[in-house]
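Read the numbers this way: they start at 1 and go in the same order the structure lists the ligands and their atoms.
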Amino acid sequence: MRKIVFPAAGMGTRFLPATKATPKEMLTVVDKPMIQYGVEEALAAGLDDIIMITGRGKHAIEDHFDISAELEANLHASGKDELYREVSRVAQMATIAYIRQKVAKGLGHAVLCAEPWVGDEVFGVSLADELMISQVPVMRQLRQAHEKTGFSVVAMARVPKAEVSRYGIAQVEAEENGLYRLQGLVEKPAVEDAPSDLAMIGRYVFTPRLFDFLKQGEVGVGGELQLTDAMDALAKVEPVYGLVVEAERFDAGNPLGFLIANLSLGLRHPKYGKLFKDYIQTLDI
Ligand code: G1P
């Protein structure tokens with residue numbers, strides 16, 4: 001397993017007006033764009049065949065992971081070695097293929113756009129606005145669970161009841177070592193309809209059979225082709241597992257979660273952490 005899909009074609013409506021001309025995936029958490037965290041996590045899990053599903057207005061993502069000859073030459077010539085190394089490291093870290101999702105038909109449709117490139121292989125999916133900080137990269141935890149079970153595995157976390165309607169929520173059978181067999185999944189249920197408090201948190205490993213259900217898929221919640229609905233259908237014909245992953249997680253796809261991610265990662269940043277903390281301690285809060 002080496003392939004991983006980053007759906008990055010969404011319109012970022014929760015973040016307007018910041019995302020009017022800037023892709024949400026390029027918003028900066030401390031000192032790098034959100035999507036770079038996801039790519040680094042994937043690479044650390046051995047998933048180095050990367051495909052991004054993009055759309056109109058997403059060129060900045062391609063430029064970010066590309067060589068910028070002029071910038072690199074400039075930094076090199078002016079002796080800014082640390083910056084030069086960092087900028088060229090980003091450009092060299094991965095080979096990335098880009099597929100355009102021509103119409104915004106939802107997360108399920110974005111993943112389906114990757115089918116010609118994924119073919120008949122097991123593959124990962126990562127949503128860049130969920131930031132995971134962990135000892136063992138979350139994608140590696142999923143990969144290991146897949147190697148053990150042979151089937152699709154989705155990362156889960158328990159969320160407060162009041163938040164279930166922000167996520168895909170799982171209906172589960174008995175748990176074994178943090179691994180649940182999923183009976184069904186429902187996208188953004190009302191609090192009273194949620195089958196549990198186990199939310200999907202934007203990291204997945206799928207068998208290619210998922211594509212069959214994405215192709216048959218009908219428009220679901222919010223008028224979109226939902227990944228969750230295809231997973232629910234998949235879980236009826238072959239095992240789909242949920243793993244409660246060990247990670248600190250930031251749902252940075254909305255302004256409050258984004259602020260929390262910046263605060264928390266800012267405080268522990270090797271270069272800025274101490275100064276940032278000193279500043280915060282001066283605040284009258
Ligand atoms: C998407 C998925 C949802 C999942 C969530 C994780 O929702 O549809 O199932 O729980 O990501 O962040 P979105 O945040 O795109 O509305």
For this session: Could you tell me the separation between the CD1 atom of I61 and the CZ atom of F65, rounded to the nearest 0.5 Å?
Result: 8.0 Å
For this session: Just let me know how D129 lines up against ligand 1, side chain, backbone, both or neither, with a heavy-atom cut-off below 4.0 Å.
Result: neither
Exercise. Of all the non-hydrogen atoms in the protein, which one sits nearest to atom 11 (O) of ligand 1, and at what distance?
Worked result: L127 CD1, 3.3 Å
Seminar exercise, completed: To atom 3 (C) of ligand 1, the nearest of E187, M200, K188 on a heavy-atom basis is E187
Seminar exercise, completed: Going by the 4.0 angstrom heavy-atom rule, the piece of R203 near ligand 1 is neither
Seminar exercise, completed: Within 4.0 Å of some non-hydrogen atom of G168, the atoms of ligand 1 are 3 (C), 4 (C), 9 (O), 10 (O)
Problem set entry | Non-hydrogen side-chain atoms of R2 and F123 separated by less than 4.5 Å | no
For this session: Please check if any side-chain donor atom of Q101 sits under 3.5 Å from a side-chain acceptor atom of H109, or the reverse.
Result: yes
Seminar exercise, completed: So the atoms of ligand 1 within less than 4.0 Å of a heavy atom of E130 turn out to be 6 (C), 12 (O)
Problem set entry | Proximal atoms of ligand 1 relative to L107 (non-hydrogen, under 4.0 Å) | 2 (C), 8 (O)
Exercise. Considering only heavy atoms of T228, which atoms of ligand 1 have at least one such atom less than 4.0 Å away?
Worked result: 9 (O)
For this session: Run the ring-centre check on F211 versus F206 and record whether the distance is less than 6.0 Å.
Result: no
Exercise. Below 4.5 Å, heavy atoms only, C-beta onward: do L243 and M156 meet side chain to side chain?
Worked result: no
Exercise. Under 3.5 Å, is there a donor-acceptor pair linking the side chains of Y272 and D31?
Worked result: no
Exercise. So which heavy atom in the protein is nearest atom 15 (O) of ligand 1, and how far is it from that ligand atom?
Worked result: R14 NH2, 3.8 Å
Exercise. Do K32 and Y37 meet the cation-pi criteria used here (NZ or CZ under 6.0 Å from the six-membered ring centre, within 45° of the axis)?
Worked result: yes
For this session: Examine ligand 1 and decide if any of its atoms is less than 4.0 Å from a heavy atom belonging to L227.
Result: no
